[in-house]
2 protein chains.
Amino acid sequence: MPTTTALQMIRILIADDHAMFVDGIESILTGEEDLDVVGRCYDGPSVLKFLEKEEADILLLDVNLPGMNGIEVCKAVLEKNKNTKVIAISMFNEESYVTEILNNGASGYILKNTGREELIKAIKQVTEGHSYFSKDVTQTIMKGLMNSRRSSGIKKNLNIPKISRREKEVLELIVKEFTTQEIANQLFISLKTVESHRSNLLSKLNARNSAGLVRIAMEHKLVDPN
Amino acid sequence: MPTTTALQMIRILIADDHAMFVDGIESILTGEEDLDVVGRCYDGPSVLKFLEKEEADILLLDVNLPGMNGIEVCKAVLEKNKNTKVIAISMFNEESYVTEILNNGASGYILKNTGREELIKAIKQVTEGHSYFSKDVTQTIMKGLMNSRRSSGIKKNLNIPKISRREKEVLELIVKEFTTQEIANQLFISLKTVESHRSNLLSKLNARNSAGLVRIAMEHKLVDPN
DNA sequence: GAATACATAGGGGATTACCCTGAATCCAAA
DNA sequence: TTTGGATTCAGGGTAATCCCCTATGTATTC
(Lines give C-alpha, C1' and ligand atoms only; values in the text may rest on other atoms or scores of the structure.)
Protein backbone atom coordinates (compact mmCIF):
# COMPACT_ATOMS: atom_id res chain seq x y z
CA MET A 1 0.00 0.00 0.00
CA PRO A 2 1.40 3.39 -0.95
CA THR A 3 1.70 5.51 2.17
CA THR A 4 2.64 8.59 0.21
CA THR A 5 -0.91 9.08 -1.00
CA ALA A 6 -2.31 12.36 0.32
CA LEU A 7 -4.64 10.83 2.88
CA GLN A 8 -7.61 12.87 4.03
CA MET A 9 -6.25 13.63 7.45
CA ILE A 10 -8.80 13.91 10.23
CA ARG A 11 -7.95 17.02 12.23
CA ILE A 12 -8.62 16.58 15.90
CA LEU A 13 -8.92 19.12 18.67
CA ILE A 14 -8.75 17.90 22.27
CA ALA A 15 -10.40 19.85 25.08
CA ASP A 16 -9.98 18.69 28.65
CA ASP A 17 -8.80 20.42 31.77
CA HIS A 18 -6.66 17.46 32.80
CA ALA A 19 -3.37 17.79 30.97
CA MET A 20 -2.47 14.21 31.60
CA PHE A 21 -5.62 13.06 29.92
CA VAL A 22 -5.02 15.28 26.91
CA ASP A 23 -1.54 13.83 26.57
CA GLY A 24 -2.89 10.34 26.88
CA ILE A 25 -5.37 10.81 24.10
CA GLU A 26 -2.76 12.43 21.94
CA SER A 27 -0.31 9.59 22.37
CA ILE A 28 -3.04 7.15 21.44
CA LEU A 29 -3.93 9.07 18.33
CA THR A 30 -0.40 9.76 17.06
CA GLY A 31 -0.09 6.09 16.34
CA GLU A 32 -2.72 6.49 13.64
CA GLU A 33 -1.44 7.90 10.41
CA ASP A 34 -4.72 9.45 9.26
CA LEU A 35 -5.41 11.21 12.53
CA ASP A 36 -3.82 14.53 13.29
CA VAL A 37 -4.08 16.29 16.62
CA VAL A 38 -4.11 19.94 15.65
CA GLY A 39 -4.76 21.50 19.03
CA ARG A 40 -5.15 21.06 22.76
CA CYS A 41 -7.32 23.22 24.98
CA TYR A 42 -7.65 23.20 28.74
CA ASP A 43 -10.81 25.23 29.13
CA GLY A 44 -13.93 26.22 27.19
CA PRO A 45 -13.12 29.69 25.90
CA SER A 46 -9.82 28.62 24.39
CA VAL A 47 -11.66 26.08 22.27
CA LEU A 48 -13.66 28.86 20.70
CA LYS A 49 -10.55 30.98 20.24
CA PHE A 50 -8.74 28.13 18.56
CA LEU A 51 -11.56 27.45 16.13
CA GLU A 52 -11.68 31.09 15.12
CA LYS A 53 -8.24 30.71 13.62
CA GLU A 54 -7.93 27.07 12.67
CA GLU A 55 -10.27 24.33 11.63
CA ALA A 56 -10.85 20.91 13.10
CA ASP A 57 -12.94 17.97 11.97
CA ILE A 58 -13.43 16.41 15.37
CA LEU A 59 -13.61 18.04 18.77
CA LEU A 60 -13.02 15.65 21.64
CA LEU A 61 -14.74 17.58 24.37
CA ASP A 62 -14.81 16.95 28.09
CA VAL A 63 -18.31 17.49 29.39
CA ASN A 64 -17.17 18.82 32.74
CA LEU A 65 -14.90 21.65 31.78
CA PRO A 66 -14.30 24.33 34.39
CA GLY A 67 -15.80 27.75 33.82
CA MET A 68 -17.71 27.35 30.60
CA ASN A 69 -18.94 23.79 30.67
CA GLY A 70 -18.91 21.32 27.81
CA ILE A 71 -22.54 21.77 26.92
CA GLU A 72 -22.18 25.49 26.33
CA VAL A 73 -18.96 24.97 24.43
CA CYS A 74 -20.59 22.37 22.23
CA LYS A 75 -23.46 24.67 21.42
CA ALA A 76 -21.22 27.60 20.64
CA VAL A 77 -18.86 25.55 18.50
CA LEU A 78 -21.60 24.02 16.38
CA GLU A 79 -23.22 27.37 15.79
CA LYS A 80 -20.08 28.81 14.22
CA ASN A 81 -18.27 25.78 12.87
CA LYS A 82 -20.62 23.69 10.80
CA ASN A 83 -17.91 21.26 9.69
CA THR A 84 -16.69 20.41 13.15
CA LYS A 85 -18.23 17.40 14.85
CA VAL A 86 -18.26 16.98 18.59
CA ILE A 87 -17.60 13.81 20.53
CA ALA A 88 -18.33 14.29 24.19
CA ILE A 89 -16.04 12.61 26.69
CA SER A 90 -16.92 12.20 30.30
CA MET A 91 -15.99 10.38 33.43
CA PHE A 92 -19.64 10.09 34.32
CA ASN A 93 -22.25 7.94 32.75
CA GLU A 94 -25.06 10.24 33.83
CA GLU A 95 -28.23 10.35 31.83
CA SER A 96 -28.69 14.08 32.31
CA TYR A 97 -25.25 14.85 30.89
CA VAL A 98 -25.73 12.59 27.93
CA THR A 99 -29.14 13.81 26.90
CA GLU A 100 -28.24 17.44 27.36
CA ILE A 101 -25.13 17.40 25.23
CA LEU A 102 -26.82 15.31 22.57
CA ASN A 103 -29.58 17.83 22.67
CA ASN A 104 -26.97 20.42 21.83
CA GLY A 105 -25.73 18.62 18.78
CA ALA A 106 -22.92 16.32 19.90
CA SER A 107 -22.41 13.37 17.55
CA GLY A 108 -21.10 10.98 20.14
CA TYR A 109 -20.55 10.33 23.81
CA ILE A 110 -17.81 8.12 25.15
CA LEU A 111 -16.54 7.43 28.62
CA LYS A 112 -13.02 8.02 29.84
CA ASN A 113 -12.42 4.36 30.42
CA THR A 114 -12.76 3.80 26.71
CA GLY A 115 -9.93 1.87 25.11
CA ARG A 116 -7.73 2.79 22.21
CA GLU A 117 -9.62 0.84 19.57
CA GLU A 118 -12.97 2.19 20.60
CA LEU A 119 -11.77 5.78 20.62
CA ILE A 120 -10.39 5.49 17.10
CA LYS A 121 -13.52 3.74 15.93
CA ALA A 122 -15.63 6.51 17.39
CA ILE A 123 -13.61 9.20 15.64
CA LYS A 124 -13.79 7.51 12.26
CA GLN A 125 -17.45 6.73 12.56
CA VAL A 126 -18.36 10.28 13.51
CA THR A 127 -16.17 11.65 10.74
CA GLU A 128 -18.19 9.62 8.27
CA GLY A 129 -21.33 11.31 9.48
CA HIS A 130 -22.53 8.63 11.86
CA SER A 131 -22.87 8.87 15.56
CA TYR A 132 -21.12 6.84 18.21
CA PHE A 133 -21.82 6.02 21.82
CA SER A 134 -20.08 3.82 24.33
CA LYS A 135 -21.95 0.69 25.17
CA ASP A 136 -22.44 1.73 28.79
CA VAL A 137 -23.75 5.08 27.69
CA THR A 138 -26.36 3.59 25.42
CA GLN A 139 -27.49 1.31 28.21
CA THR A 140 -27.94 4.34 30.43
CA ILE A 141 -29.96 6.16 27.84
CA MET A 142 -32.13 3.20 27.09
CA LYS A 143 -32.94 2.76 30.74
CA GLY A 144 -33.86 6.40 31.06
CA LEU A 145 -36.00 6.12 27.97
CA MET A 146 -37.77 3.07 29.32
CA ASN A 147 -38.36 4.63 32.71
CA SER A 148 -39.76 7.82 31.29
CA ARG A 149 -42.18 5.88 29.11
CA ARG A 150 -43.25 3.76 32.02
CA SER A 151 -43.83 6.64 34.40
CA SER A 152 -45.71 8.70 31.85
CA GLY A 153 -47.99 5.74 31.34
CA ILE A 154 -48.70 5.47 35.03
CA LYS A 155 -49.66 9.10 35.32
CA LYS A 156 -52.16 8.81 32.53
CA ASN A 157 -54.08 6.02 34.20
CA LEU A 158 -54.11 7.08 37.82
CA ASN A 159 -55.28 10.56 38.65
CA ILE A 160 -57.50 11.49 35.74
CA PRO A 161 -61.26 11.02 36.04
CA LYS A 162 -63.16 10.18 32.89
CA ILE A 163 -64.07 13.14 30.77
CA SER A 164 -66.97 12.88 28.41
CA ARG A 165 -66.89 13.11 24.63
CA ARG A 166 -68.27 16.63 24.61
CA GLU A 167 -65.95 17.78 27.33
CA LYS A 168 -63.04 16.48 25.35
CA GLU A 169 -64.17 18.46 22.32
CA VAL A 170 -64.39 21.61 24.39
CA LEU A 171 -61.02 20.93 25.96
CA GLU A 172 -59.39 20.53 22.58
CA LEU A 173 -60.76 23.85 21.44
CA ILE A 174 -59.59 25.53 24.63
CA VAL A 175 -56.10 24.19 23.97
CA LYS A 176 -56.35 25.66 20.50
CA GLU A 177 -56.87 29.09 22.08
CA PHE A 178 -60.49 29.57 21.12
CA THR A 179 -62.68 31.67 23.40
CA THR A 180 -65.85 30.35 24.93
CA GLN A 181 -67.98 32.18 22.39
CA GLU A 182 -65.97 30.79 19.49
CA ILE A 183 -66.24 27.28 20.87
CA ALA A 184 -69.99 27.70 21.19
CA ASN A 185 -70.22 28.78 17.55
CA GLN A 186 -68.11 25.89 16.32
CA LEU A 187 -70.08 23.28 18.24
CA PHE A 188 -73.44 24.98 17.51
CA ILE A 189 -74.30 25.17 21.20
CA SER A 190 -74.92 27.98 23.62
CA LEU A 191 -72.23 30.01 25.33
CA LYS A 192 -73.65 28.86 28.61
CA THR A 193 -73.31 25.23 27.68
CA VAL A 194 -69.68 25.65 26.88
CA GLU A 195 -69.24 27.38 30.22
CA SER A 196 -70.82 24.39 31.90
CA HIS A 197 -68.43 22.03 30.20
CA ARG A 198 -65.49 24.21 31.02
CA SER A 199 -66.57 24.40 34.63
CA ASN A 200 -66.94 20.64 34.82
CA LEU A 201 -63.51 20.23 33.29
CA LEU A 202 -62.02 22.56 35.87
CA SER A 203 -63.36 20.50 38.74
CA LYS A 204 -62.76 17.12 37.14
CA LEU A 205 -59.17 17.88 36.26
CA ASN A 206 -58.69 19.84 39.45
CA ALA A 207 -57.54 22.95 37.65
CA ARG A 208 -57.96 26.58 38.61
CA ASN A 209 -58.21 28.10 35.16
CA SER A 210 -57.81 27.48 31.46
CA ALA A 211 -54.05 27.55 31.77
CA GLY A 212 -54.29 24.56 34.06
CA LEU A 213 -56.65 22.79 31.69
CA VAL A 214 -54.14 23.18 28.89
CA ARG A 215 -51.25 22.02 31.04
CA ILE A 216 -53.07 18.93 32.24
CA ALA A 217 -54.41 18.19 28.79
CA MET A 218 -50.91 18.25 27.37
CA GLU A 219 -49.24 16.43 30.23
CA HIS A 220 -51.65 13.56 29.97
CA LYS A 221 -52.09 13.79 26.23
CA LEU A 222 -55.85 14.08 26.55
CA VAL A 223 -56.06 15.92 23.27
CA ASP A 224 -55.16 14.83 19.78
CA PRO A 225 -52.30 16.87 18.40
CA ASN A 226 -53.78 18.31 15.19
CA MET B 1 -13.86 -24.85 40.80
CA PRO B 2 -16.42 -27.42 41.83
CA THR B 3 -18.81 -28.05 38.98
CA THR B 4 -21.05 -30.18 41.10
CA THR B 5 -22.45 -27.18 42.92
CA ALA B 6 -26.18 -26.82 42.28
CA LEU B 7 -25.99 -23.92 39.87
CA GLN B 8 -28.95 -21.64 39.51
CA MET B 9 -29.98 -22.76 36.06
CA ILE B 10 -31.43 -20.12 33.81
CA ARG B 11 -34.52 -21.54 32.15
CA ILE B 12 -34.92 -20.37 28.59
CA LEU B 13 -37.89 -20.45 26.28
CA ILE B 14 -37.32 -19.85 22.58
CA ALA B 15 -40.09 -18.49 20.36
CA ASP B 16 -39.53 -18.14 16.65
CA ASP B 17 -41.40 -19.39 13.63
CA HIS B 18 -38.20 -20.49 11.88
CA ALA B 19 -37.35 -23.92 13.19
CA MET B 20 -33.83 -23.74 11.93
CA PHE B 21 -33.25 -20.61 13.91
CA VAL B 22 -34.69 -22.13 17.06
CA ASP B 23 -32.36 -25.08 16.66
CA GLY B 24 -29.43 -22.78 16.07
CA ILE B 25 -30.03 -20.87 19.27
CA GLU B 26 -30.53 -24.07 21.18
CA SER B 27 -27.27 -25.56 19.96
CA ILE B 28 -25.49 -22.38 20.98
CA LEU B 29 -27.00 -22.45 24.44
CA THR B 30 -26.54 -26.13 25.20
CA GLY B 31 -22.82 -25.48 25.35
CA GLU B 32 -23.41 -23.40 28.46
CA GLU B 33 -23.85 -25.40 31.60
CA ASP B 34 -25.94 -22.85 33.47
CA LEU B 35 -28.39 -22.31 30.63
CA ASP B 36 -31.27 -24.67 30.09
CA VAL B 37 -33.60 -24.52 27.13
CA VAL B 38 -36.90 -25.63 28.58
CA GLY B 39 -39.15 -25.04 25.60
CA ARG B 40 -39.51 -24.12 21.94
CA CYS B 41 -42.49 -22.38 20.42
CA TYR B 42 -43.21 -21.60 16.82
CA ASP B 43 -46.00 -19.09 17.23
CA GLY B 44 -47.42 -16.63 19.74
CA PRO B 45 -50.30 -18.52 21.35
CA SER B 46 -48.17 -21.55 22.14
CA VAL B 47 -45.85 -19.32 24.16
CA LEU B 48 -48.74 -18.38 26.41
CA LYS B 49 -49.89 -21.99 26.65
CA PHE B 50 -46.42 -23.13 27.59
CA LEU B 51 -46.08 -20.53 30.33
CA GLU B 52 -49.39 -21.56 31.85
CA LYS B 53 -47.88 -24.92 32.69
CA GLU B 54 -44.16 -24.32 33.07
CA GLU B 55 -41.97 -21.45 34.09
CA ALA B 56 -39.12 -19.76 32.29
CA ASP B 57 -36.67 -17.09 33.32
CA ILE B 58 -35.91 -15.78 29.87
CA LEU B 59 -38.09 -15.67 26.80
CA LEU B 60 -36.16 -15.21 23.57
CA LEU B 61 -38.92 -13.79 21.44
CA ASP B 62 -38.99 -13.11 17.74
CA VAL B 63 -40.63 -9.77 17.10
CA ASN B 64 -42.17 -10.83 13.82
CA LEU B 65 -44.11 -13.89 14.79
CA PRO B 66 -46.97 -14.92 12.51
CA GLY B 67 -50.50 -14.49 13.79
CA MET B 68 -50.01 -12.93 17.19
CA ASN B 69 -46.97 -10.76 16.82
CA GLY B 70 -44.12 -10.43 19.27
CA ILE B 71 -45.32 -7.20 20.80
CA GLU B 72 -48.67 -8.64 21.83
CA VAL B 73 -47.03 -11.80 23.09
CA CYS B 74 -44.58 -9.78 25.14
CA LYS B 75 -47.35 -7.77 26.72
CA ALA B 76 -49.44 -10.83 27.52
CA VAL B 77 -46.52 -12.76 28.95
CA LEU B 78 -45.39 -9.96 31.25
CA GLU B 79 -48.88 -9.43 32.58
CA LYS B 80 -49.18 -13.00 33.77
CA ASN B 81 -45.59 -14.05 34.39
CA LYS B 82 -43.84 -11.49 36.52
CA ASN B 83 -40.66 -13.52 36.82
CA THR B 84 -40.14 -14.04 33.13
CA LYS B 85 -37.98 -11.55 31.28
CA VAL B 86 -38.24 -10.96 27.58
CA ILE B 87 -35.39 -10.48 25.14
CA ALA B 88 -36.68 -9.48 21.74
CA ILE B 89 -34.94 -10.89 18.71
CA SER B 90 -35.39 -9.53 15.25
CA MET B 91 -33.96 -9.52 11.79
CA PHE B 92 -34.76 -5.86 11.47
CA ASN B 93 -33.09 -2.96 13.14
CA GLU B 94 -36.16 -0.77 12.86
CA GLU B 95 -36.70 1.96 15.35
CA SER B 96 -40.45 1.46 15.47
CA TYR B 97 -40.11 -2.20 16.38
CA VAL B 98 -37.55 -1.50 19.05
CA THR B 99 -39.39 1.29 20.79
CA GLU B 100 -42.70 -0.49 20.69
CA ILE B 101 -41.52 -3.71 22.26
CA LEU B 102 -39.48 -1.84 24.85
CA ASN B 103 -42.59 0.12 25.56
CA ASN B 104 -44.25 -3.17 26.30
CA GLY B 105 -41.71 -4.26 28.84
CA ALA B 106 -39.01 -6.16 26.98
CA SER B 107 -35.68 -6.11 28.77
CA GLY B 108 -33.52 -6.38 25.69
CA TYR B 109 -33.40 -6.30 21.93
CA ILE B 110 -30.84 -8.16 19.87
CA LEU B 111 -30.45 -8.77 16.17
CA LYS B 112 -30.36 -12.15 14.51
CA ASN B 113 -26.82 -11.63 13.33
CA THR B 114 -25.73 -11.58 16.95
CA GLY B 115 -22.87 -13.91 17.79
CA ARG B 116 -22.70 -16.63 20.40
CA GLU B 117 -20.84 -14.58 23.02
CA GLU B 118 -23.18 -11.65 22.74
CA LEU B 119 -26.27 -13.79 23.02
CA ILE B 120 -25.02 -15.43 26.18
CA LYS B 121 -23.95 -12.10 27.60
CA ALA B 122 -27.40 -10.68 26.90
CA ILE B 123 -29.12 -13.57 28.64
CA LYS B 124 -26.98 -13.33 31.75
CA GLN B 125 -27.22 -9.59 31.94
CA VAL B 126 -31.00 -9.61 31.64
CA THR B 127 -31.25 -12.39 34.19
CA GLU B 128 -29.41 -10.19 36.64
CA GLY B 129 -32.03 -7.53 36.20
CA HIS B 130 -30.21 -5.36 33.71
CA SER B 131 -31.18 -4.64 30.15
CA TYR B 132 -29.27 -5.44 27.02
CA PHE B 133 -29.28 -4.13 23.47
CA SER B 134 -27.17 -4.92 20.45
CA LYS B 135 -24.79 -2.18 19.52
CA ASP B 136 -26.53 -1.58 16.18
CA VAL B 137 -29.86 -1.36 17.92
CA THR B 138 -28.69 1.25 20.36
CA GLN B 139 -27.26 3.28 17.51
CA THR B 140 -30.63 3.17 15.82
CA ILE B 141 -32.44 4.28 18.89
CA MET B 142 -30.02 7.06 19.61
CA LYS B 143 -30.39 8.40 16.10
CA GLY B 144 -34.14 8.39 16.42
CA LEU B 145 -33.87 10.09 19.75
CA MET B 146 -31.54 12.71 18.36
CA ASN B 147 -33.71 13.34 15.33
CA SER B 148 -36.80 13.83 17.42
CA ARG B 149 -34.95 16.20 19.69
CA ARG B 150 -33.46 18.02 16.75
CA SER B 151 -36.79 18.54 15.08
CA SER B 152 -38.29 19.84 18.27
CA GLY B 153 -35.20 21.94 18.70
CA ILE B 154 -35.64 23.44 15.25
CA LYS B 155 -39.11 24.54 16.19
CA LYS B 156 -37.72 26.12 19.29
CA ASN B 157 -35.15 28.15 17.44
CA LEU B 158 -37.11 29.17 14.40
CA ASN B 159 -40.45 30.59 15.32
CA ILE B 160 -39.75 31.44 18.91
CA PRO B 161 -38.19 34.80 19.65
CA LYS B 162 -36.01 35.02 22.70
CA ILE B 163 -37.95 35.53 25.88
CA SER B 164 -36.26 37.33 28.72
CA ARG B 165 -35.45 35.93 32.14
CA ARG B 166 -38.34 37.75 33.77
CA GLU B 167 -40.77 36.77 31.07
CA LYS B 168 -39.79 33.18 31.56
CA GLU B 169 -40.50 33.45 35.29
CA VAL B 170 -43.91 34.89 34.60
CA LEU B 171 -44.59 32.23 32.00
CA GLU B 172 -43.72 29.47 34.43
CA LEU B 173 -46.11 30.85 36.99
CA ILE B 174 -48.86 31.16 34.40
CA VAL B 175 -48.33 27.51 33.52
CA LYS B 176 -48.67 26.75 37.22
CA GLU B 177 -52.14 28.29 37.15
CA PHE B 178 -51.38 31.38 39.19
CA THR B 179 -53.39 34.52 38.46
CA THR B 180 -51.76 37.79 37.53
CA GLN B 181 -52.22 39.13 41.05
CA GLU B 182 -50.65 36.05 42.61
CA ILE B 183 -47.72 36.23 40.23
CA ALA B 184 -47.22 39.87 41.16
CA ASN B 185 -47.15 38.96 44.84
CA GLN B 186 -44.69 36.14 44.35
CA LEU B 187 -42.30 38.22 42.29
CA PHE B 188 -42.77 41.32 44.46
CA ILE B 189 -43.71 43.45 41.47
CA SER B 190 -46.80 45.32 40.43
CA LEU B 191 -49.86 43.75 38.88
CA LYS B 192 -49.33 46.01 35.92
CA THR B 193 -45.81 44.82 35.40
CA VAL B 194 -46.95 41.24 35.26
CA GLU B 195 -49.56 42.29 32.76
CA SER B 196 -46.85 43.87 30.67
CA HIS B 197 -44.83 40.67 30.69
CA ARG B 198 -47.86 38.61 29.89
CA SER B 199 -48.77 40.92 27.05
CA ASN B 200 -45.24 40.74 25.66
CA LEU B 201 -45.34 36.98 25.92
CA LEU B 202 -48.62 36.88 24.01
CA SER B 203 -47.16 38.83 21.10
CA LYS B 204 -43.76 37.16 21.19
CA LEU B 205 -45.16 33.67 21.24
CA ASN B 206 -47.97 34.64 18.91
CA ALA B 207 -50.65 33.42 21.29
CA ARG B 208 -54.17 34.72 21.78
CA ASN B 209 -54.55 34.00 25.47
CA SER B 210 -53.05 32.24 28.45
CA ALA B 211 -54.17 28.87 27.17
CA GLY B 212 -51.99 29.44 24.13
CA LEU B 213 -49.07 30.50 26.31
CA VAL B 214 -49.29 27.27 28.24
CA ARG B 215 -49.58 25.18 25.11
CA ILE B 216 -46.60 26.81 23.46
CA ALA B 217 -44.57 26.72 26.65
CA MET B 218 -45.14 23.00 26.96
CA GLU B 219 -44.69 22.19 23.29
CA HIS B 220 -41.35 23.90 23.22
CA LYS B 221 -40.39 23.03 26.75
CA LEU B 222 -39.77 26.64 27.63
CA VAL B 223 -40.51 25.94 31.27
CA ASP B 224 -38.78 23.71 33.76
CA PRO B 225 -41.02 20.87 34.88
CA ASN B 226 -41.18 21.33 38.65
C1' DG C 1 -22.74 58.78 23.42
C1' DA C 2 -26.66 56.70 21.17
C1' DA C 3 -29.42 52.86 20.29
C1' DT C 4 -31.47 48.82 21.99
C1' DA C 5 -33.49 45.64 25.03
C1' DC C 6 -35.28 44.82 29.53
C1' DA C 7 -37.86 45.47 33.71
C1' DT C 8 -40.66 48.31 35.85
C1' DA C 9 -45.30 50.78 36.37
C1' DG C 10 -49.72 52.99 35.36
C1' DG C 11 -54.69 54.47 33.30
C1' DG C 12 -58.78 53.18 31.28
C1' DG C 13 -61.69 50.25 28.98
C1' DA C 14 -63.44 46.13 26.55
C1' DT C 15 -63.76 41.43 26.68
C1' DT C 16 -63.58 37.08 28.67
C1' DA C 17 -63.41 33.77 32.21
C1' DC C 18 -65.10 32.01 36.39
C1' DC C 19 -68.70 31.03 40.12
C1' DC C 20 -73.26 29.86 41.86
C1' DT C 21 -77.76 28.26 41.38
C1' DG C 22 -81.19 26.10 38.92
C1' DA C 23 -83.35 23.27 35.42
C1' DA C 24 -84.86 20.71 31.18
C1' DT C 25 -83.89 16.90 27.95
C1' DC C 26 -82.01 12.60 26.48
C1' DC C 27 -80.05 8.14 26.89
C1' DA C 28 -78.28 4.12 28.76
C1' DA C 29 -77.63 1.18 32.65
C1' DA C 30 -79.32 -0.94 36.89
C1' DT D 1 -88.70 1.91 35.54
C1' DT D 2 -85.96 4.67 37.92
C1' DT D 3 -81.53 6.29 38.60
C1' DG D 4 -77.76 8.68 37.05
C1' DG D 5 -74.74 10.76 33.73
C1' DA D 6 -74.31 13.68 29.84
C1' DT D 7 -75.80 17.54 27.46
C1' DT D 8 -78.23 21.42 27.05
C1' DC D 9 -79.41 26.27 28.60
C1' DA D 10 -80.12 30.56 31.66
C1' DG D 11 -79.47 34.76 35.04
C1' DG D 12 -76.58 37.43 37.66
C1' DG D 13 -72.48 38.60 39.54
C1' DT D 14 -67.33 38.89 40.51
C1' DA D 15 -62.79 38.40 39.04
C1' DA D 16 -59.41 38.10 35.67
C1' DT D 17 -57.82 38.80 31.13
C1' DC D 18 -56.62 41.34 27.31
C1' DC D 19 -55.74 45.68 24.73
C1' DC D 20 -54.39 50.30 23.83
C1' DC D 21 -51.55 53.79 25.32
C1' DT D 22 -47.48 56.09 27.84
C1' DA D 23 -43.40 56.30 30.76
C1' DT D 24 -38.90 55.81 33.46
C1' DG D 25 -34.49 53.72 35.03
C1' DT D 26 -30.98 50.52 33.89
C1' DA D 27 -28.03 47.75 31.62
C1' DT D 28 -25.82 46.33 27.39
C1' DT D 29 -24.30 46.88 22.91
C1' DC D 30 -22.67 49.30 19.01
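Numbers restart at 1 for each chain; the letters A, B, ... are given by sequence-line order, proteins then strands.
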Identify whether any heavy atom of B:Leu202 sits under 4.0 Å from a base atom; if not, whether one sits that close to sugar-phosphate; answer base, sugar-phosphate or nothing. sugar-phosphate

Contact class for B:Asn209 vs. all strands (heavy atom < 4.0 Å): base, sugar-phosphate, or nothing? sugar-phosphate

In this structure, how many angstroms lie between the [atom2] atom of [N] and the [atom1] atom of [X], rounded?
X	N	atom1	atom2	value
B:Gln181	D:dT17	CD	P	9 Å
A:Lys168	D:dG5	NZ	P	22 Å
A:Phe188	D:dT7	CZ	P	18 Å
B:Lys204	C:dA7	NZ	P	7 Å
B:Arg198	C:dA7	CZ	C1'	17 Å
A:Phe178	D:dT17	CZ	P	21 Å
A:Glu177	C:dA17	CD	P	12 Å
A:Ile163	D:dG5	CD1	C1'	15 Å

Got a salt bridge between [X] and [Y], using NZ or NE/NH1/NH2 to carboxylate O under 4.0 Å?
X	Y	value
B:Arg208	A:Glu182	yes
B:Lys49	B:Glu54	no
A:Asp62	A:Lys112	yes
A:Lys121	A:Glu118	no
A:Glu167	A:Lys204	yes

Using OP1 and OP2 only, check whether a side-chain N or O of [X] sits under 4.0 Å from [N].
X	N	value
B:Thr193	C:dA9	yes
B:His197	C:dC6	no
A:Ser190	D:dA10	yes
B:Arg208	D:dC18	no

Taking donor-acceptor contacts at under 3.5 Å, does the side chain of A:Glu195 reach the base of D:dC9? no

Tell whether B:Glu167 reaches the base of C:dC6 with its side chain through a donor-acceptor pair below 3.5 angstrom. no

Shortest side-chain distance from [X], nucleotide among [options]:
X	options	result
B:Ile189	C:dA9, D:dC9, D:dC18	C:dA9
B:Lys192	D:dA10, D:dA6, C:dG12	C:dG12
B:Thr180	D:dT17, D:dC9, C:dT8	D:dT17
A:Ser164	D:dT7, C:dA17, C:dT8	D:dT7

5' priority, DNA chain C, between A:Ser196 and B:Arg165 [closest heavy atom]: B:Arg165

For the backbone of A:Thr84 and the side chain of A:Asn81, can you confirm whether one donor and one acceptor N or O come within less than 3.5 Å of each other? no

